[in-house]
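Report on the following structure.
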Amino acid sequence: MPFVVAAAAVALFAVPAAAHADESVHVAMQDLNGTGAEGMAMLTATDSGDLAVTIKASGMTPNAPHAQHIHGSTTGMDFMCPDKSDDKDGNGYVSTEEGLPKYGDIHLSLTTTGDTTKASGLAVDRMPKADAEGNLTYERVIPAADLPPGTIEHLKDLHVVQHGIDVNDNGTYDMEALGESTFAKSLGVDGIPEEATDPATCGMVTGAAAGSMPTGGVDTGDGSTEGPTSTSIALYTAGGLALAGVAVLALRRRLAPNAGR
């Protein structure tokens with residue numbers, strides 16, 4: 001069932017120029033690849049300058065890890081969530097490579113412990129795992145010292161992406177549905193199912209306001225008005241791909257038993 005936003009939250013959707021301490025932005029995460037996954041995230045700037053992240057999602061691949069990140073820009077570029085028109089190869093699903101030019105490089109990796117830089121983008125052993133019903137809950141406070149410059153001031157320009165889809169509904173990431181991951185293969189890593197790396201949900205910030213975790217979705221908005229150039233897109237994409245290389249090796253080890261199913 002779609003999420004419904006509390007009326008009190010709707011009244012606070014006037015977005016200020018920048019987020020300040022004790023303010024939260026809400027991210028309605030929508031199904032990106034037709035799997036029924038959806039969720040809600042809240043990014044809160046604390047008094048100490050830390051970033052508190054809370055995510056609740058449903059419809060995810062059960063009992064499986066889901067790489068998730070904050071994407072976007074703190075430098076005035078207008079990245080956003082992709083849609084079906086970004087499925088350039090026509091296979092019916094937006095892949096990581098097809099989505100990166102739209103949602104930009106990894107700003108923060110939403111791991112459960114340890115490093116949160118984009119180098120941990122596919123550190124699946126430190127990513128949250130959905131339960132047996134496909135529900136995923138995530139809570140973490142990222143210290144101010146670990147945040148890239150401009151994070152707190154530009155929360156409204158950021159968004160959340162979660163990866164990992166189960167196209168053939170067999171409860172695992174396998175080769176049967178979409179074949180091998182072209183993203184992982186481009187990094188020189190063979191044997192990773194495409195299901196494991198394709199994005200499941202994406203959501204853009206919809207408001208900046210102090211408050212508690214909302215229970216519903218709202219109309220999505222955009223960030224700043226300056227769009228990315230073709231050069232900046234290429235650099236963002238290349239950077240994300242290069243830094244994910246080591247983490248993909250961990251993904252292959254994690255999924256090795258299921259790779260041939």
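Positions are given from 1 along the sequence.
Looking at I70 and L43, their side chains come closer than 4.5 Å, going by heavy atoms from C-beta outward. When side chains are defined from C-beta on, T182 does not count as touching E180, because their heavy atoms never get closer than 4.5 Å. Inter-residue side-chain proximity for M40 and I55 is flagged as unmet; no heavy-atom pair is nearer than 4.5 Å. For the pair P128/Q68, a side-chain contact is recorded, criterion being any heavy-atom separation below 4.5 Å from C-beta on. Using a 4.5 Å heavy-atom threshold, the side chains of K118 and D105 count as touching. Contact of the T172 side chain with the T61 side chain is not registered, since no non-hydrogen atoms from C-beta on lie closer than 4.5 Å. For the pair S120 and D115, the minimum side-chain heavy-atom distance is below 4.5 Å. Residues L147 and I142 are in side-chain contact: their nearest non-hydrogen atoms beyond the backbone lie under 4.5 Å apart.
Expressed to the nearest 0.5 Å, how far OG1 of T74 lies from CD1 of I152 amounts to 11.0 Å. Atom CZ of F183 is separated from atom CD of E194 by 10.0 Å, given to the nearest 0.5 angstrom.
Remark: N168 engages D174 in a side chain to side chain donor-acceptor pair (under 3.5 Å) (not counting sequence neighbours). Remark: S95 pairs with E97, E98 by the side chain to side chain donor-acceptor pair (under 3.5 Å) rule, at least two apart or across chains. Residues forming a side-chain contact (heavy atoms from CB on, under 4.5 Å) with P148 (at least two apart in sequence, or on another chain): H107, L108, T151. By the side chain to side chain donor-acceptor pair (under 3.5 Å) test, T113 pairs with no residue at all, sequence neighbours left out. For A144, the side-chain contact (heavy atoms from CB on, under 4.5 Å) partners are D50, not counting sequence neighbours. Under the rule for a side chain to side chain donor-acceptor pair (under 3.5 Å), the partners of K185 that lie at least two apart in sequence or sit in another chain are D190.
Nearest approach of A37 to M60, heavy atoms of both residues: CB-SD, 3.7 Å. Between P65 and V124 the shortest heavy-atom distance is CB-O, 3.9 Å. Pairing each heavy atom of T116 with each of R140, the nearest pair is CG2-NH1, 3.4 Å. Nearest heavy atoms, L158 versus S73: CD2-N, 3.7 Å. Contact record, S181 with A184: OG-N, 3.0 Å, taken as the closest heavy-atom pair. Shown here for G36 and D31, the closest heavy-atom pair between the two residues is N-OD2, 2.6 Å.
Note on residues 140-186: no pairs pass disulfide bond (SG atoms under 2.5 Å apart), not counting sequence neighbours. Residue pairs meeting the ring-ring contact (aromatic ring centres under 6.0 Å, His included) criterion with at least one member in residues 31-71, sequence neighbours excluded: H69-H71, H69-H163, H71-Y103. Applying the disulfide bond (SG atoms under 2.5 Å apart) test to pairs two or more places apart or on separate chains, those with a residue in residues 108-204 are C81-C202.
N33 contributes a side-chain N or O that, together with a main-chain N or O of P199, makes up a donor-acceptor pair within less than 3.5 Å. Using a distance-only test at 3.5 Å, with no hydrogens or angles considered, a donor-acceptor pair links the side chain of S109 to the main chain of G121. With hydrogens and angles ignored, the 3.5 Å screen pairs no side-chain donor or acceptor of D198 with any backbone N or O of E195. Of the possible polar contacts, none joining the D87 side chain to the V94 backbone as a donor-acceptor pair under 3.5 Å is found.
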Intermediate values then yes/no, side chain to side chain contact (heavy atoms under 4.5 Å, CB included), E38 and M29: CA-CA 5 Å; E38 61 180 357; M29 294 150 49; over 6 Å; no
Side chain to side chain contact (heavy atoms under 4.5 Å, CB included) for D157 and T75? Distances and angles first, verdict last. CA-CA 9 Å; D157 298 321; T75 59; over 6 Å; no
When you look at V53 and L110, which way does the side chain to side chain contact (heavy atoms under 4.5 Å, CB included) test go after all the steps? CA-CA 8 Å; V53 182; L110 298 179; 4.2 Å; yes
Start with the C-alpha gap between K84 and L32, add the side-chain angles, then the distance that decides, and say whether side chain to side chain contact (heavy atoms under 4.5 Å, CB included) holds. CA-CA 8 Å; K84 285 298 186 181; L32 182 57; over 6 Å; no
Report all side-chain donor-acceptor pairs from residues 132-139 shorter than 3.5 Å, counting only partners two or more places apart or in another chain.
from	atom 1	to	atom 2	distance (Å)
Y138	OH	T111	O	2.5

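With a 4.5 Å cut-off between side-chain heavy atoms of Ile, Leu, Val, Met, Phe, Trp and Tyr, the cluster of M127 takes in none. Other residues sharing a hydrophobic cluster with I165 under the 4.5 Å side-chain heavy-atom criterion for ILVMFWY residues are Y93, V167, L178.
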